[in-house]
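All remarks here apply to the structure that follows.
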2 protein chains.
Amino acid sequence: MNKKPNLKDVAKVAGVSAITVSRVLSNPDKVSEKLRAKVEQAVHEIGYIRNHAASALASRRSGVIAVIIPSLSNIVFNDVLQGIYSAVKQHQLQVILGDCHYSPLEEEKLIATLLSQSPEGFILTGTDQTHYARKLLQQSGIPIVQLMELTDSPIDMNIGFSHFNAGMDITRHLLQKGYRKPGFLGARMDPRTQQRLAGFKKAIADFKQPCQSYVVTTTQSSSIRLGGQLLQAVMAESQGQCDAVFCCNDDLALGALFEAKRMNLKVPADIAICGFNDLEASALVEPSITSVASPRFEMGQQAVELLMAASGEDKTHQPPIDVGYRIVERAST
Amino acid sequence: MNKKPNLKDVAKVAGVSAITVSRVLSNPDKVSEKLRAKVEQAVHEIGYIRNHAASALASRRSGVIAVIIPSLSNIVFNDVLQGIYSAVKQHQLQVILGDCHYSPLEEEKLIATLLSQSPEGFILTGTDQTHYARKLLQQSGIPIVQLMELTDSPIDMNIGFSHFNAGMDITRHLLQKGYRKPGFLGARMDPRTQQRLAGFKKAIADFKQPCQSYVVTTTQSSSIRLGGQLLQAVMAESQGQCDAVFCCNDDLALGALFEAKRMNLKVPADIAICGFNDLEASALVEPSITSVASPRFEMGQQAVELLMAASGEDKTHQPPIDVGYRIVERAST
DNA sequence: AGTCAAAATGGTTGCGCTATCATTTTGGCT
DNA sequence: AGCCAAAATGATAGCGCAACCATTTTGACT
């Protein structure tokens, strides 16, 4: 194995200087047609690949953005990620991704690690970063986007929607449909789930008529199977009285739906079911499941655009961007 | 904003030389207790974060591995990714991830881009890389793992299972169950799907009794909804004769199942349905869906371990590792 | 042909770190 | 106390590239 070719090797083959090769690679518009062809030919011929570390060091531009999500297994963040990757491609950036497993402490460590790559922007999920994490981020001086939720005190920029309002709205929807004994089924209980639960409680507290409500939660991670178990739990706790469940996400809702069938409960006659995130399956099961849709892909895209826009100009603190949500009413309610 | 602190700044605060600080950070065992405490204190105090680019340039170790998957939206690759991330954490590595959208050409470009980060290992999905991509990879001299499928001519290392055999086995299962007019429903038609289809055809060709088979495929990307459409298509094509479908993945199988119910076909009496990948939902729908399970998470983990093991020693070409698969027989067949 | 500004190309230097080797300090032993 | 190997720490150089500024070439105009 010969050692990897560098700029000088290309320069030699192309018969130009090293700096010229560099220019061809980074500013193809600034050089003459002939030169570019000659150099590109040489690059291809010897299979030259630019050393990113050296380039980043010399130019102080890493061409990288850092992203931290709480979970790789949750489809929700996948959609966001796809948005991020699609946007990033336009800007010729690389993504370095971290999975903090819903833990602020892991997130803090990840932030330190990812910052060492000198990212040009940072995308975080949620707003519950540790104090030291916030310090590191602020000190880094790069643009930051906090994603998914809205907060009054963002580190820098913020884009998302109100999970509290969404939880409240969908609970109101249940109440409007005449259900008076709704239950909340929650898993994981991350901040966004808690906000949805708070919305649930608020809707019930504000409702003009009195009603009985149930809350069954677990810190286990969410799954379809768990949805079934939680439905059993809420039916047991309510002694069969519970007539509607707001599941903190669609996985649970699917599981609750399957379980309801096994328990011979008619949906929505005996029990209404609604979920959150509007996964594809929710629209296609029988009966289809009412859910809350949000523009996840677009949120990811827009987060990248915000970073790019911000890295140019000076810090003009923009207000949080509310991307909103939509209650998708279906047969299950 | 003061500019970011560097090694010298830490050294000044700690009252030692820059190189010593470097050593504390990279070889904490090689320094005295006192020194380490002093330096770590200084690091934390000024919020120093090591410049990865400079470190990588000077040490020729990037601490990064590159991973390319064909799709971010496919849960299958998510499981693999999780395995990769879990293994990577042990080794203090970062992952740079690319999504090639099932395109070898995009993959080639991605490979070039990711190689510029001087990764210490490369994980690829599948075995259909372009010629130039293979050249670049080989020239890079780093360990490479091709994942998911098995091949006789790997670029370097290879871990996966035979999609051909799996497709053949599950088709045999249908035939053994007495179905004589099976159909294959395929989406995307990436190499692995094609191998499953080839297995399907082989099983039918080898079967001792003659039977009628149907193949309906599309290059559209897979979805639950599409599964329903493909079921309609195969029933139309077979004039209602088709009595079993092998769906190239579980999303299609779920869609086919939902559609079968809408068409008032009993599963498995009127039509058997089986899928591939054994997603959680497949076990929980009614009737539960027969599928093919494979150790995806472990494959991802093991790929990383292979890379790490290989980067130490010399290239001793190991044979491909077959992780196997398992037919999970359920109510739908 | 001669002029001059604009476009194209090249030389030097330093980004922040670590490898290599050199030097100093430590501490167990006679 | 004196010796010496081992442990701890420091000085120097260079990784491969792009910023900066210098130089050469081009071509539109008189």
Side-chain angles (χ1 to χ4, degrees), chain A residues 2-40 42-43 46-64 92 113 115-120 140-141, chain B residues 2-40 42-43 46-64 92 113 115-120 140-141:
Chain A
N2 316 328
K3 83 186 221 310
K4 271 178 284 182
N6 62 21
L7 263 187
K8 271 190 209 146
D9 300 325
V10 179
K12 214 173 294 169
V13 171
V16 297
S17 73
I19 180 62
T20 300
V21 177
S22 167
R23 197 153 21 214
V24 170
L25 294 175
S26 37
N27 282 65
D29 320 326
K30 297 278 179 187
V31 301
S32 67
E33 192 76 15
K34 274 182 296 183
L35 181 68
R36 193 177 63 217
K38 199 166 53 177
V39 170
E40 279 174 354
V43 164
I46 67 177
Y48 169 73
I49 288 182
R50 158 124 101 288
N51 181 324
H52 170 262
S55 166
L57 183 59
S59 67
R60 295 107 206 272
R61 300 205 59 237
S62 66
V64 159
Q92 303 259 62
T113 311
L115 277 178
S116 76
Q117 309 264 349
S118 316
E120 295 175 25
S140 77
Chain B
N2 316 328
K3 84 186 219 316
K4 271 180 283 182
N6 63 18
L7 262 188
K8 272 189 207 147
D9 300 325
V10 180
K12 214 173 295 170
V13 172
V16 297
S17 74
I19 180 62
T20 301
V21 176
S22 169
R23 196 150 25 211
V24 170
L25 295 175
S26 38
N27 282 64
D29 321 326
K30 298 277 179 188
V31 302
S32 67
E33 191 76 15
K34 276 183 296 185
L35 180 68
R36 193 177 61 219
K38 198 165 55 178
V39 170
E40 279 175 354
V43 165
I46 68 177
Y48 169 73
I49 288 182
R50 148 120 94 325
N51 181 324
H52 170 263
S55 166
L57 183 59
S59 69
R60 297 106 204 270
R61 301 203 59 236
S62 66
V64 159
Q92 302 259 65
T113 311
L115 277 178
S116 75
Q117 309 263 348
S118 316
E120 295 175 24
S140 76

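Heavy-atom basis, side chains included; hydrogens, waters and symmetry copies ignored. Note on naming: letters A, B, ... go to the chains in the order of the sequence lines (proteins, then strands), and numbering restarts at 1 for each one.
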statement: From CG of B/L57 across to C1' of D/dG16 the rounded distance in Å is 6 Å

For residues 5-14 of chain A, which side-chain donor-acceptor pairs fall under 3.5 Å, sequence neighbours excluded?
{"from": "A/N6", "atom 1": "OD1", "to": "A/K8", "atom 2": "N", "distance (Å)": "3.1"}
{"from": "A/N6", "atom 1": "OD1", "to": "A/D9", "atom 2": "N", "distance (Å)": "3.2"}
{"from": "A/D9", "atom 1": "OD2", "to": "A/N6", "atom 2": "N", "distance (Å)": "2.9"}

- line: A/R36 atom CZ is separated from C/dT9 atom P, nearest whole Å, by 11 Å

message: Please report the end-to-end axis angle for the helix from C/dA1-D/dT30 to C/dT30-D/dA1, five pairs per end, rounded to 10 degrees.
response: 30°

Any residue meeting side chain to side chain contact (heavy atoms under 4.5 Å, CB included) with B/I19, in chain and number order, not counting sequence neighbours: B/S17, B/S22, B/R23

- line: B/K4 atom NZ is separated from C/dC17 atom C1', nearest whole Å, by 14 Å

- request: Measure the spacing between CD of B/E40 and CG of B/L35 and express it to the nearest 0.5 Å.
  value: 9.5 Å

Hey, can you pull the donor-acceptor pairs under 3.5 Å for the side chains in residues 46-58 of chain B, sequence neighbours left out?
{"from": "B/N51", "atom 1": "OD1", "to": "B/A53", "atom 2": "N", "distance (Å)": "2.9"}
{"from": "B/N51", "atom 1": "OD1", "to": "B/A54", "atom 2": "N", "distance (Å)": "3.1"}
{"from": "B/H52", "atom 1": "ND1", "to": "A/Q117", "atom 2": "OE1", "distance (Å)": "3.3"}
{"from": "B/H52", "atom 1": "NE2", "to": "B/S62", "atom 2": "O", "distance (Å)": "2.7"}

message: Taking side-chain hydrogen bond (donor to acceptor under 3.5 Å, both in side chains) as the definition, give me every residue that meets it alongside A/Q92, ordered by chain and number, with sequence neighbours left out.
response: none

task: Apply side chain to side chain contact (heavy atoms under 4.5 Å, CB included) to B/T113 and list each qualifying residue two or more places apart in sequence or on a separate chain.
output: A/Q94

query: Which residues pass the side-chain hydrogen bond (donor to acceptor under 3.5 Å, both in side chains) test with A/R61, sequence neighbours left out?
result: A/E120

Nucleic acid footprint by protein, nucleotides 17-27 of chain D - heavy-atom cut-off 4.0 Å, B for base, S for sugar-phosphate alone: BBB--------

message: According to side-chain hydrogen bond (donor to acceptor under 3.5 Å, both in side chains), who are the partners of A/R60, at least two apart in sequence or on a separate chain?
response: none

